[in-house]
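In the text below, chain A, chain B and the rest are named by the order of the sequence lines, each starting its count at 1. Here the structure is a predicted model, which is why all the values come from computation and not from measurement.
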Amino acid sequence: KAGVTQTPRYLIKTRGQQVTLSCSPISGHRSVSWYQQTPGQGLQFLFEYFSETQRNKGNFPGRFSGRQFSNSRSEMNVSTLELGDSALYLCASSPSSGRDTDTQYFGPGTRLTVL
Amino acid sequence: DAKTTQPPSMDCAEGRAANLPCNHSTISGNEYVYWYRQIHSQGPQYIIHGLKNNETNEMASLIITEDRKSSTLILPHATLRDTAVYYCIVRVAGNEKLTFGTGTRLTIIP
């Protein structure tokens, strides 16, 4: 089975722009979670989508949003980019949502640099 | 979320067993302990998880104390490729959210 894929792998944007990142989960996985990793804050949970619905949300401003499509693929969007949004954005998928024995598998991440 | 405490760094000689401790004294009865590792700038890699029994897979063994307040991840024969940051996570029941701490930076010494 192919793993979680994320596109693009690298992205450079300028302040004020917006960006859309894409995640394709492992085949058959229906839950997709997004995380942000920065040197200062570490790995932080952004949100989780299951069956096209946001199930859980972390403590991030409304500039960060996401969605999930019927084929379980997910996108996240960051509007009005700030320098502090420079980070590695990671996507993880799991077969379902909230089942404690289901394991989340992470993609390679998208490295976003905001200039 | 139950907090985990891990040593910030550890060294281990190549070929020896690496034992990584984790303290999770506030864990609840239905919360699982998960271990992930992250090799520089890659996505975290799942290693193993457990509830109360010891677990073993092809990568590692997980030993959970009887009171469940701590656990140890064991890499039986460490190689240079095991150099990574290892995260111990207590997963809140019924929740996909993983709360990552600062982890343990494990360095395998040739």
Query raised in the report: Between A/Arg73 and A/Glu75, is there a side-chain N and carboxylate O pair less than 4.0 Å apart?
Result: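 Salt bridge: yes.
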Requested in this report: Kindly state whether the ring of A/Phe106 and the ring of B/Tyr36 have centres lying under 6.0 angstrom apart.
Outcome: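 A/Phe106 vs B/Tyr36: aromatic centres under 6.0 Å.
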Query raised in the report: Hey, quick one: are A/Phe45 and B/Val85 part of the same hydrophobic cluster, counting side-chain heavy atoms closer than 4.5 Å, chains of contacts allowed?
Result: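 Per the 4.5 Å side-chain linkage, A/Phe45 and B/Val85 are co-clustered.
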Report task. Determine, using the 4.5 Å side-chain heavy-atom cutoff (strictly less than), whether B/Leu75 and B/Leu80 are members of one ILVMFWY cluster. Result ->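 Both belong to a single hydrophobic cluster.
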**Report entry** Part of B/Gln45 lying under 4.5 Å from any heavy atom of chain A
**Finding:**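 It is neither, since no heavy atom gets under 4.5 Å.
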Report task. Go through the atoms of A/Gln104 and report whether side chain, backbone, both or neither lie under 4.5 Å from a heavy atom of chain B. Result ->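 Looking at A/Gln104, backbone and side chain both touch chain B.
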Query raised in the report: Which bit of A/Leu43 is near chain B, if near means a heavy-atom gap under 4.5 Å: side chain, backbone, both or neither?
Result: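 The answer is both parts of A/Leu43.
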**Report entry** Greatest number of heavy atom pairs closer than 4.5 Å to chain A - which of B/Asn95, B/Leu98, B/Leu51, B/Asn30
**Finding:**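 Top option by heavy-atom pairs under 4.5 Å: B/Leu98.
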Query raised in the report: What residue, out of B/Gly101, B/Pro44, B/Gly43, B/Ser41, has the most heavy-atom pairs lying under 4.5 Å from chain A?
Result: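 When all of B/Gly101, B/Pro44, B/Gly43, B/Ser41 are compared, B/Pro44 has the most.
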Query raised in the report: Using a distance-only test with no angle check, is there a side-chain donor-acceptor pair under 3.5 angstrom linking B/Asn23 and B/Ser70?
Result: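 Their side chains do not contain a donor-acceptor pair, so the 3.5 Å distance test is not met.
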Report task. Name, in order of residue number, those residues of residues 7-38 of chain A that have a heavy atom at a distance of less than 4.5 Å from a heavy atom in chain B; otherwise write 'none'. Result ->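 Checking residues 7-38 of chain A against chain B gives A/Ser31, A/Ser33, A/Tyr35, A/Gln37.
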Report task. May I have the step-by-step check of salt bridge (Lys or Arg N to Asp or Glu O under 4.0 Å) for B/Glu96 and B/Arg91, ending in yes or no? Result -> CA-CA 8 Å; B/Glu96 288 297 299; B/Arg91 183 171 165 184; 2.7 Å; yes
Requested in this report: Please list all pairs passing the disulfide bond (SG atoms under 2.5 Å apart) test where one or both residues lie in residues 68-110 of chain B, with sequence neighbours left out.
Outcome: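 Residue pairs passing disulfide bond (SG atoms under 2.5 Å apart), neighbours aside: B/Cys22-B/Cys88.
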Query raised in the report: Taking B/Ser71 as the fixed residue, which of B/Leu20, B/Ile64, B/Thr65, B/Thr4 is the one that meets the side chain to side chain contact (heavy atoms under 4.5 Å, CB included) rule?
Result: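 Filter result, single survivor: B/Ile64.
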